[in-house]
Each structure stands twice: as C-alpha cells, then as structure tokens.
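This report concerns only the one structure given below.
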Protein chains: 2
Amino acid sequence: MREFYTITELTREFGISTRTLRFYEDEGLIAPVRRGRTRLFRPGDRHLVKQILRGKRLGFSIAEIREIIQMYKTPPGEAGQLRTIIDRVEEKRAELRQKRKDIEDTLAELDQVEETCVNRLAELRVAS
Amino acid sequence: MREFYTITELTREFGISTRTLRFYEDEGLIAPVRRGRTRLFRPGDRHLVKQILRGKRLGFSIAEIREIIQMYKTPPGEAGQLRTIIDRVEEKRAELRQKRKDIEDTLAELDQVEETCVNRLAELRVAS
DNA sequence: GGAAATTCTTACGTAAAAGTCAATTGACCG
DNA sequence: CGGTCAATTGACTTTTACGTAAGAATTTCC
C-alpha cells in the first residue's frame, strides 16, 4: 500500500474533480496532510473518499455523510457519549434498512415491468 | 378506496408541501385531474407520489425518477421499443443492486462501530 | 534553465429542488 | 351576503454541491 496519493491520482481513480476533493476538505470530511501547500492523501484519506462517494450514491447529503464519518471515528469517550453514539448508529441503521426496503420494492416493480414486456414480445411473435 | 384526495390531504399523509406536489406536476411526474382550477388526486396519483418519494429516498434525481415512472407506464409499443425498455430496466436494476451493496457495506461498518462502543462500555464497567 | 504541467487560493456562477411571499379566486357556512 | 378558509398562479429566494475562471506558486521534464 502506497504512502501518499496526489490529488489528481484520486480524481482519476474515483472519477471526480479536484474541486470536489477540495470541497470535501473545506466541509471537514477529509483532512489530507500537506507538503508545503500541496495536499498529500494517505490511504486513510483515500478510504474516507470511498465512504463519502458511497454515501453520495445512497442519496445522503454532505451533512449526513459528515455525521456518519464522525461515527466511524469513535472517540475514546465516556459512557454517556458512547451510548449516544450507539443510539445514533441505530438511527442510521434504521434509515439504511428503509432504503434497502425501498430498493427491494423498486426491484420488484421493475421485475413486473420486464415480465409485462416479455409477455408482449411473446404475443407479437405468435401474431406474426 | 377513495375516489379523490385534495392536495393538503396528500401533503399531510406524506409530510411534503403543496409547493412540492405542484412542482412534481410541473415536472410531469404526476397529472392530477381538475375540478375548475383545483387539483383532484386519484388513487393512481397518490401511488405515483409514493413512488416518487421512494425514488427521492434512494437519491434519484427528478429526471431519473421520471425515467423510472415512464417505465412503469409500459406502452403497448412495438418489439424494438419493448426491448429498449427491457434494457433500461436492466440498467436500473444494476444501479439498484449497487446501492444495495453500498447499504450492506455501510451497515457492516456501523456494526463495527457499535461493537467497538459496546466493548469500551464493558471495559468501563470493569474498571469501576 | 525555461517551458509546460500541476497545484494552490479566491471568488463568482449555476442547476436542481424546493421554500416563501403576494395577489387572486373560488367554495362553503351561518 | 360577508367572511374566512383552502387552493391557485407567478415571481423571487434559498440551499446544496459543486463548476469555472483567474492568477500565483511549485514542480517536473527536456
């Protein structure tokens, strides 16, 4: 595993722009180190970018993604804080399960659509 | 099943604004009938709204939702068109399967977070 | 060592998806 | 018939998530 990635290496790997990565840094989602003014992305930063893009695909806003990322960085914290985190984790899981159900429902309806199409095609073949 | 719903009935049921429903109409996602200038939503319109909101939860844009909705309205079409639809259905399914995988991955990471928290809580209890 | 490429900051622009506000217009109720 | 409540259209505003452009500083390559 490489020690550092340049910004354009990551933009190419993930198909995003430099503007986007800098924006994510402004938003506090990633914090690459610097050599002079130039950003150096560590493997951990790269993994964060993956998680961010995964969140985006699922329709989470930057603010929501920031919350999720903060969960990943579980701080040593005291008991009350730990329980708060556990609660938030459960909330996010509920959201994700809802999305998963939405997906299953949509997939089922698309199956229906395809079946209808296939049947009509069969009818067309019989009629010809 | 009721014949018609008013706009505010639907806004209350789904927790959205009248502006939103009118916006969806402008965008061609729904087409409620009119009594004078007032919109009357039929059960079919209501179901469409459900599908739209499901799409939104999954992070689809209005344009993408419009595409999906058009698939549901499978037209009688000729063979070539039917095959085009089948192809598009398969594309959407691929997208949905990607999202489902993203969800599974995120859920797994959240499980990890929770486990870490629970373990630390246990340590705290031992130390006390 | 000079040109070309990469990176940086700063700032303004924009598309999508509504929110908000204003001015009407019916529709119903006592 | 007067009032009030719900609905409509139209215009302007806002927020999010970047795009784009300008100009300076580095770095890299021949």
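Below, read A as the first sequence line, B as the second, and so on, with proteins coming before strands; counting in each chain starts at 1. Computed from a predicted structure; not experimentally measured. What's counted below: heavy atoms across the whole structure, side chains too, no hydrogens, waters or symmetry copies.
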*What's the CZ-P distance between Arg35(B) and dA27(C), to the nearest Å?*
8 Å
_Whole-Å gap separating P (dA18(C)) and CD (Glu25(B))_ = 15 Å
*Lys/Arg cation over aromatic Tyr5(B): Arg46(B), 6.0 Å, 45° cone*: yes
_Electrostatic pair Arg93(A):Asp111(B) at N-O distance under 4.0 angstrom_ = yes
*Is any side-chain N of the basic residue among Arg120(B) and Glu78(A) closer than 4.0 Å to the acidic one's carboxylate O?*
no
*Any Arg34(B) side-chain nitrogen or oxygen under 4.0 Å from OP1 or OP2 of dT9(D)*: yes
*Can you tell me the distance, in whole Å, between the CZ atom of Arg37(A) and the C1' atom of dT27(D)?*
13 Å
*For every nucleotide of nucleotides 15-22 of chain D, 5' to 3': is a protein heavy atom under 4.0 Å from its base (B), only from its sugar-phosphate (S), or from neither (-)?*
--BBBB--
*How many Å lie between CD1 on Ile7(B) and C1' on dG26(C), as a whole number?*
15 Å
*Nearest-Å distance for atom pair CZ/C1', residues Arg12(B) and dC5(D)*: 11 Å
*Rounded to the nearest 0.5 Å, how far apart are CZ of Arg22(A) and CD of Glu25(A)?*
9.5 Å
_Any carboxylate oxygen within less than 4.0 angstrom of a Lys/Arg side-chain nitrogen, looking at Asp87(B) and Arg83(B)?_
no
*Assign Arg39(A) to base, sugar-phosphate, or nothing according to its heavy-atom contacts below 4.0 angstrom with the strands shown.*
sugar-phosphate
*Quick one: is Thr38(B) getting a side-chain N or O under 4.0 Å of the dG26(C) phosphate, OP1 or OP2?*
no
*Separation of dA6(D) P from Leu21(B) CG (nearest whole Å)*: 17 Å
*Provide the closest heavy-atom pair for Thr18(B) versus Thr8(B) in the form atom of the first, atom of the second, distance.*
CG2-CG2, 4.4 Å
*Establish, with yes or no, whether the OP1 or OP2 oxygen of dT7(C) is under 4.0 angstrom from a side-chain nitrogen or oxygen of Thr8(A).*
yes
*For dC8(C), does OP1 or OP2 lie under 4.0 Å from any side-chain N or O of Arg22(A)?*
yes
*Could you tell me which residues satisfy side chain to side chain donor-acceptor pair (under 3.5 Å) with Arg100(A), sequence neighbours excluded, listed by chain and number?*
Glu104(B)
